[in-house]
Amino acid sequence: MKIGIIDDDLVFSNILKKQIENSNYFCENDIDIYNDDFQTIDIENYDFLFIDIILAQDDGISLAKKVNNKTTKIIFISNNEALVYDCFDIHLYFFIRKAFYEDDFKRLLTKIEKDEAESNKQYLVDEKNNQYIRYVDICYIQSHRNMCTFFTIDHEYQQYITLKRCAETLCKNIAFYKINSYTIINFKYVTKINSQSVTLSNKQTFNVSRQSKDIVEKYHAYRRYLQ
(Lines give C-alpha, C1' and ligand atoms only; values in the text may rest on other atoms or scores of the structure.)
Protein backbone atom coordinates (compact mmCIF):
# COMPACT_ATOMS: atom_id res chain seq x y z
CA MET A 1 0.00 0.00 0.00
CA LYS A 2 1.30 3.44 -0.94
CA ILE A 3 0.35 6.56 1.04
CA GLY A 4 1.04 10.21 0.27
CA ILE A 5 0.83 13.27 2.55
CA ILE A 6 0.63 16.66 0.82
CA ASP A 7 0.88 19.50 3.33
CA ASP A 8 3.06 22.61 3.61
CA ASP A 9 3.00 22.19 7.42
CA LEU A 10 6.13 20.11 8.04
CA VAL A 11 5.38 19.57 11.74
CA PHE A 12 1.83 18.31 11.19
CA SER A 13 2.98 16.14 8.26
CA ASN A 14 5.33 14.23 10.53
CA ILE A 15 2.71 13.96 13.30
CA LEU A 16 0.27 12.48 10.79
CA LYS A 17 2.94 10.13 9.44
CA LYS A 18 3.56 8.74 12.94
CA GLN A 19 -0.19 8.37 13.46
CA ILE A 20 -0.41 6.37 10.25
CA GLU A 21 2.62 4.23 11.08
CA ASN A 22 1.26 3.42 14.56
CA SER A 23 -2.11 2.21 13.27
CA ASN A 24 -2.72 -1.49 12.69
CA TYR A 25 -4.27 -0.92 9.27
CA PHE A 26 -1.57 1.29 7.74
CA CYS A 27 1.53 -0.09 9.45
CA GLU A 28 4.47 -1.27 7.32
CA ASN A 29 3.49 0.77 4.27
CA ASP A 30 5.36 3.29 2.13
CA ILE A 31 4.59 6.87 3.17
CA ASP A 32 5.74 9.86 1.10
CA ILE A 33 5.59 13.43 2.45
CA TYR A 34 5.44 16.48 0.16
CA ASN A 35 5.87 19.92 1.73
CA ASP A 36 6.50 21.99 -1.42
CA ASP A 37 6.69 21.90 -5.24
CA PHE A 38 3.18 20.45 -5.25
CA GLN A 39 2.62 20.83 -9.00
CA THR A 40 5.51 18.46 -9.73
CA ILE A 41 4.16 15.58 -7.64
CA ASP A 42 3.19 12.38 -9.44
CA ILE A 43 -0.03 11.60 -7.55
CA GLU A 44 -1.39 8.80 -9.72
CA ASN A 45 -0.10 5.70 -7.94
CA TYR A 46 -1.26 6.16 -4.36
CA ASP A 47 -3.80 4.10 -2.46
CA PHE A 48 -4.42 6.94 0.02
CA LEU A 49 -3.68 10.65 -0.38
CA PHE A 50 -3.88 12.97 2.62
CA ILE A 51 -4.13 16.50 1.17
CA ASP A 52 -4.26 19.82 3.02
CA ILE A 53 -6.90 21.99 1.35
CA ILE A 54 -5.07 25.29 1.84
CA LEU A 55 -1.45 25.10 0.72
CA ALA A 56 1.11 27.87 0.43
CA GLN A 57 0.71 29.26 -3.10
CA ASP A 58 -1.46 26.28 -4.06
CA ASP A 59 -4.87 24.67 -3.68
CA GLY A 60 -5.38 21.13 -2.38
CA ILE A 61 -8.75 20.75 -4.10
CA SER A 62 -7.21 21.58 -7.49
CA LEU A 63 -4.48 19.02 -6.87
CA ALA A 64 -7.05 16.37 -5.96
CA LYS A 65 -8.92 17.00 -9.22
CA LYS A 66 -5.79 15.90 -11.09
CA VAL A 67 -5.98 12.40 -9.62
CA ASN A 68 -7.24 10.15 -12.41
CA ASN A 69 -6.76 6.91 -10.52
CA LYS A 70 -10.30 6.09 -9.40
CA THR A 71 -9.05 3.67 -6.73
CA THR A 72 -7.12 6.40 -4.89
CA LYS A 73 -8.86 7.39 -1.66
CA ILE A 74 -8.58 11.15 -1.13
CA ILE A 75 -8.60 12.40 2.46
CA PHE A 76 -8.62 16.17 2.92
CA ILE A 77 -7.11 17.72 6.03
CA SER A 78 -7.63 21.29 7.19
CA ASN A 79 -7.78 23.66 10.13
CA ASN A 80 -11.07 24.97 8.74
CA GLU A 81 -13.75 22.27 8.91
CA ALA A 82 -16.22 24.46 6.98
CA LEU A 83 -14.13 23.80 3.87
CA VAL A 84 -15.60 20.31 3.66
CA TYR A 85 -18.53 21.90 1.80
CA ASP A 86 -16.13 22.96 -0.97
CA CYS A 87 -15.22 19.33 -1.62
CA PHE A 88 -18.49 17.87 -2.89
CA ASP A 89 -17.38 17.87 -6.52
CA ILE A 90 -14.38 15.73 -5.56
CA HIS A 91 -14.69 12.00 -4.96
CA LEU A 92 -13.80 12.70 -1.33
CA TYR A 93 -13.20 9.71 0.93
CA PHE A 94 -12.83 11.46 4.28
CA PHE A 95 -12.16 14.81 5.96
CA ILE A 96 -9.77 15.21 8.90
CA ARG A 97 -9.86 18.32 11.08
CA LYS A 98 -6.36 19.18 12.23
CA ALA A 99 -7.61 20.37 15.62
CA PHE A 100 -9.18 16.95 16.22
CA TYR A 101 -6.90 14.78 14.10
CA GLU A 102 -6.63 11.94 16.64
CA ASP A 103 -10.41 11.49 16.95
CA ASP A 104 -10.93 11.95 13.22
CA PHE A 105 -8.17 9.47 12.40
CA LYS A 106 -9.91 6.86 14.57
CA ARG A 107 -13.15 7.56 12.69
CA LEU A 108 -11.25 7.14 9.42
CA LEU A 109 -10.11 3.67 10.47
CA THR A 110 -13.67 2.78 11.45
CA LYS A 111 -14.90 3.93 8.04
CA ILE A 112 -12.27 1.81 6.28
CA GLU A 113 -13.39 -1.24 8.27
CA LYS A 114 -17.04 -0.56 7.34
CA ASP A 115 -16.18 -0.09 3.68
CA GLU A 116 -14.15 -3.27 3.50
CA ALA A 117 -17.02 -5.20 5.05
CA GLU A 118 -19.42 -3.51 2.62
CA SER A 119 -17.19 -4.33 -0.35
CA ASN A 120 -17.79 -8.03 0.30
CA LYS A 121 -21.54 -7.64 -0.31
CA GLN A 122 -22.56 -8.69 -3.79
CA TYR A 123 -25.67 -8.61 -5.95
CA LEU A 124 -26.57 -11.62 -8.09
CA VAL A 125 -27.16 -10.36 -11.64
CA ASP A 126 -27.17 -13.62 -13.57
CA GLU A 127 -28.00 -16.77 -11.62
CA LYS A 128 -27.47 -19.02 -14.64
CA ASN A 129 -23.89 -17.85 -15.15
CA ASN A 130 -23.28 -17.18 -11.44
CA GLN A 131 -22.44 -13.51 -12.13
CA TYR A 132 -22.24 -11.04 -9.25
CA ILE A 133 -21.62 -7.28 -8.91
CA ARG A 134 -20.22 -5.76 -5.76
CA TYR A 135 -22.64 -3.28 -4.16
CA VAL A 136 -19.89 -0.65 -3.89
CA ASP A 137 -19.26 -0.79 -7.65
CA ILE A 138 -22.86 -0.06 -8.67
CA CYS A 139 -23.22 3.64 -9.59
CA TYR A 140 -26.89 3.53 -10.53
CA ILE A 141 -29.61 1.28 -11.94
CA GLN A 142 -32.17 2.18 -14.59
CA SER A 143 -35.18 0.19 -15.69
CA HIS A 144 -37.03 -0.17 -18.98
CA ARG A 145 -40.14 -2.30 -18.80
CA ASN A 146 -38.99 -5.53 -17.10
CA MET A 147 -35.27 -5.02 -17.68
CA CYS A 148 -32.86 -3.32 -15.27
CA THR A 149 -29.45 -2.10 -16.38
CA PHE A 150 -26.76 -1.87 -13.68
CA PHE A 151 -24.10 0.74 -14.38
CA THR A 152 -20.66 0.57 -12.82
CA ILE A 153 -17.79 2.89 -13.68
CA ASP A 154 -16.56 0.62 -16.46
CA HIS A 155 -19.35 -1.80 -17.33
CA GLU A 156 -23.08 -2.32 -17.79
CA TYR A 157 -24.99 -5.41 -16.68
CA GLN A 158 -28.59 -6.30 -17.52
CA GLN A 159 -31.09 -8.38 -15.65
CA TYR A 160 -34.73 -9.27 -16.33
CA ILE A 161 -36.27 -7.85 -13.19
CA THR A 162 -38.55 -4.96 -12.29
CA LEU A 163 -37.09 -1.93 -10.52
CA LYS A 164 -39.51 -2.53 -7.66
CA ARG A 165 -38.10 -5.98 -7.00
CA CYS A 166 -34.57 -4.69 -7.42
CA ALA A 167 -35.25 -1.93 -4.88
CA GLU A 168 -36.57 -4.47 -2.38
CA THR A 169 -33.07 -5.93 -2.27
CA LEU A 170 -30.74 -2.97 -2.83
CA CYS A 171 -32.58 -0.22 -0.97
CA LYS A 172 -32.25 -2.12 2.29
CA ASN A 173 -28.70 -0.82 2.05
CA ILE A 174 -28.34 2.81 3.23
CA ALA A 175 -26.23 3.69 0.16
CA PHE A 176 -29.04 3.05 -2.35
CA TYR A 177 -32.06 5.24 -2.98
CA LYS A 178 -34.87 5.11 -5.53
CA ILE A 179 -35.10 8.65 -6.90
CA ASN A 180 -37.87 8.10 -9.45
CA SER A 181 -39.92 5.33 -11.03
CA TYR A 182 -37.03 4.14 -13.21
CA THR A 183 -33.79 4.99 -11.37
CA ILE A 184 -31.94 3.87 -8.24
CA ILE A 185 -28.71 5.66 -7.34
CA ASN A 186 -25.78 4.86 -5.08
CA PHE A 187 -25.11 7.81 -2.74
CA LYS A 188 -21.42 6.94 -2.87
CA TYR A 189 -21.18 8.49 -6.35
CA VAL A 190 -23.18 11.67 -5.68
CA THR A 191 -21.37 14.98 -6.28
CA LYS A 192 -24.35 17.37 -6.23
CA ILE A 193 -27.75 16.91 -4.68
CA ASN A 194 -30.95 18.79 -3.90
CA SER A 195 -34.61 17.89 -3.62
CA GLN A 196 -35.11 18.12 -7.39
CA SER A 197 -32.00 16.61 -8.98
CA VAL A 198 -28.90 14.52 -8.37
CA THR A 199 -25.57 14.60 -10.20
CA LEU A 200 -23.19 11.64 -10.06
CA SER A 201 -19.43 11.52 -10.46
CA ASN A 202 -19.83 10.64 -14.15
CA LYS A 203 -21.44 14.11 -14.61
CA GLN A 204 -24.84 12.56 -15.32
CA THR A 205 -27.83 14.33 -13.73
CA PHE A 206 -31.15 12.71 -12.81
CA ASN A 207 -34.47 14.25 -11.85
CA VAL A 208 -35.90 13.42 -8.43
CA SER A 209 -39.62 12.63 -8.21
CA ARG A 210 -41.92 14.33 -5.72
CA GLN A 211 -42.37 11.02 -3.92
CA SER A 212 -38.63 11.07 -3.13
CA LYS A 213 -38.58 14.50 -1.47
CA ASP A 214 -36.67 13.18 1.57
CA ILE A 215 -33.61 12.44 -0.59
CA VAL A 216 -31.40 15.14 0.96
CA GLU A 217 -32.19 13.87 4.45
CA LYS A 218 -31.39 10.31 3.37
CA TYR A 219 -28.14 11.45 1.77
CA HIS A 220 -27.02 13.19 4.97
CA ALA A 221 -27.94 10.07 6.95
CA TYR A 222 -25.69 8.09 4.61
CA ARG A 223 -22.84 10.60 5.10
CA ARG A 224 -23.24 10.39 8.88
CA TYR A 225 -23.15 6.62 8.67
CA LEU A 226 -19.82 6.76 6.89
CA GLN A 227 -18.29 8.87 9.66
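The residues of the chain are indexed from 1 along the displayed sequence. Side chains included, hydrogens not; waters and symmetry mates left out as well; all remaining heavy atoms used.
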Nearest heavy-atom neighbours spanning Asp7 and Phe12:
OD2-CD2, 3.5 Å
For Lys213, look at atom NZ and say whether over 12 heavy atoms of other residues, nucleotides or ligands are found less than 6.0 Å away.
no
Holding to side chain to side chain donor-acceptor pair (under 3.5 Å), I want the full list of residues that pass it with Asp103, two or more places apart in sequence or in another chain.
none
Report the distance from atom OH of Tyr34 to atom CG of Leu55, rounding to the nearest 0.5 Å.
14.0 Å
Return the CD1 to CG distance between Ile96 and Leu16, rounded to the nearest 0.5 Å.
6.0 Å
Can you tell me how far CD1 of Ile6 sits from CD1 of Ile53, rounded to the nearest 0.5 angstrom?
12.5 Å
Evaluate the side-chain proximity of Leu63 to Gln39: yes if any heavy-atom separation is below 4.5 Å, no if none is.
yes
Under the side chain to side chain donor-acceptor pair (under 3.5 Å) rule, collect the residues that match up with Asn14, sequence neighbours excluded.
none
What is the minimum heavy-atom distance between Asn69 and Glu44, and which atoms define it?
ND2-O, 3.0 Å
Residues that Tyr182 engages under ring pair (Phe, Tyr, Trp, His ring centres under 6.0 Å), provided they are two or more places apart:
none
Show your working on side chain to side chain contact (heavy atoms under 4.5 Å, CB included) between Lys111 and Arg107 and close with a plain yes or no.
CA-CA 6 Å; Lys111 172 176 167 51; Arg107 292 194 300 115; over 6 Å; no
Given the rule that I, L, V, M, F, W and Y join up when any side-chain heavy atoms are under 4.5 Å apart, are Val67 and Phe76 in one cluster?
yes
Does the side chain of Leu108 reach to within under 4.5 Å of the side chain of Ile75, using non-hydrogen atoms?
yes
Ring centers of Tyr123, Phe150 separated by less than 6.0 Å
yes
If hydrophobic clusters are built from ILVMFWY residues whose side chains come within less than 4.5 Å, do Tyr25 and Val136 share one?
no
Residues at least two apart in sequence or cross-chain that pass salt bridge (charged side-chain N to carboxylate O under 4.0 Å, His left out) with Lys106, listed by chain then number, are none
Compare every heavy atom of Cys166 with every heavy atom of Ile161, then report the nearest pair and how far apart it is.
CD1-N, 3.9 Å
Qualifying residues under side chain to side chain donor-acceptor pair (under 3.5 Å), relative to Tyr140, sequence neighbours excluded:
Gln204
So which atom in Ala64 and which in Ile51 form the shortest heavy-atom distance, rounded to 0.1 Å?
CB-CD1, 4.1 Å
Indicate yes or no: at least one non-hydrogen side-chain atom of Asn180 is less than 4.5 angstrom from one of Ser212.
no
Quick note, salt bridge (charged side-chain N to carboxylate O under 4.0 Å, His left out) partners involving residues 31-43, not counting sequence neighbours, are none
Summary of salt bridge (charged side-chain N to carboxylate O under 4.0 Å, His left out) pairs that have at least one residue in residues 137-163, sequence neighbours excluded
Arg134-Asp137
Before we go on, tell me: are the rings of Phe187 and Tyr222 under 6.0 Å apart, centre to centre?
yes
Does atom CD of Gln131 have more than 12 heavy-atom neighbours, drawn from other residues, nucleotides or ligands, at distances under 6.0 Å?
yes
Nearest-0.5 Å distance that lies between atom NZ in Lys192 and atom OG in Ser197
9.5 Å
Decide yes or no for Tyr157 and Thr149: does some side-chain heavy atom of the first lie under 4.5 Å from some side-chain heavy atom of the second?
no
Side chain to side chain contact (heavy atoms under 4.5 Å, CB included) evaluation trace for Phe26 with Ile112
CA-CA 11 Å; Phe26 288 113; Ile112 292 171; 3.7 Å; yes
Identify the residue among Val216, Thr183, Ile215 that makes a side chain to side chain contact (heavy atoms under 4.5 Å, CB included) with Val198.
Ile215
Distance col, row Ile141:CD1 vs Gln158:CD, nearest 0.5 angstrom, shows 13.0 Å
If you take all heavy atoms of Ser78 and Asp52, which pair is closest and at what distance?
CA-OD1, 3.9 Å
Hey, are the side chains of Asn202 and Phe151 touching, using non-hydrogen atoms and a 4.5 Å cut-off?
no
Give the other cluster members for Tyr160, using side-chain heavy-atom distances under 4.5 Å between Ile, Leu, Val, Met, Phe, Trp and Tyr residues; answer none if it is isolated.
Met147
Listed once per pair and sorted, the side-chain hydrogen bond (donor to acceptor under 3.5 Å, both in side chains) pairs that draw on residues 163-172, sequence neighbours left out
none
For the pair Asp8 and Phe38, evaluate side chain to side chain contact (heavy atoms under 4.5 Å, CB included) and give the outcome as yes or no after the intermediate values.
CA-CA 9 Å; Asp8 54 4; Phe38 303 114; 4.0 Å; yes
With sequence neighbours left out, write down each residue that passes side chain to side chain contact (heavy atoms under 4.5 Å, CB included) with Lys73, or none if nothing qualifies.
Phe48, Tyr93
Would you say the side chain of Asn173 lies within less than 4.5 Å of the side chain of Lys121, judging by non-hydrogen atoms?
yes
Provide the closest heavy-atom pair for Ser143 versus Cys148 in the form atom of the first, atom of the second, distance.
CB-SG, 3.8 Å
Is there a path from Phe94 to Ile3 through hydrophobic residues (I, L, V, M, F, W, Y) whose side chains come within less than 4.5 Å of each other?
yes
Just verifying a value: how many Å separate Ile54 CD1 and Asp9 CG, rounded to the nearest 0.5 Å?
12.5 Å
Polar side chain donor-acceptor pair, Thr199 to Thr205, under 3.5 angstrom:
yes
Is Asp104 paired with Lys98 through a side-chain N to carboxylate O contact shorter than 4.0 Å?
no
Consider only side-chain heavy atoms of I, L, V, M, F, W and Y, link residues closer than 4.5 Å, and tell whether Ile133 and Ile185 are in one cluster.
no
Can you list everything that forms a side chain to side chain donor-acceptor pair (under 3.5 Å) with Asn207? Sequence neighbours excluded, please.
none
Backbone N/O of Ile138 and side chain of Asn186: donor-acceptor pair under 3.5 Å
yes
Main-chain N/O of Tyr135 paired with Gln122 side-chain donor or acceptor, under 3.5 Å
no
So if you build clusters from Ile, Leu, Val, Met, Phe, Trp, Tyr with side-chain heavy-atom gaps below 4.5 Å, do Leu10 and Leu49 land together?
no
Do Ile20 and Phe105 pass the side chain to side chain contact (heavy atoms under 4.5 Å, CB included) test, and can you show the C-alpha distance, the side-chain angles, and the key distance before you say yes or no?
CA-CA 9 Å; Ile20 293 170; Phe105 191 83; 3.8 Å; yes
Is a side-chain donor-acceptor pair under 3.5 Å present for Ser13 with Asn35?
yes
Other cluster members, Tyr132 - Ile/Leu/Val/Met/Phe/Trp/Tyr, side-chain contacts below 4.5 Å:
Leu124
Are the side chains of Tyr177 and Ile184 in contact, using a 4.5 Å heavy-atom criterion?
no
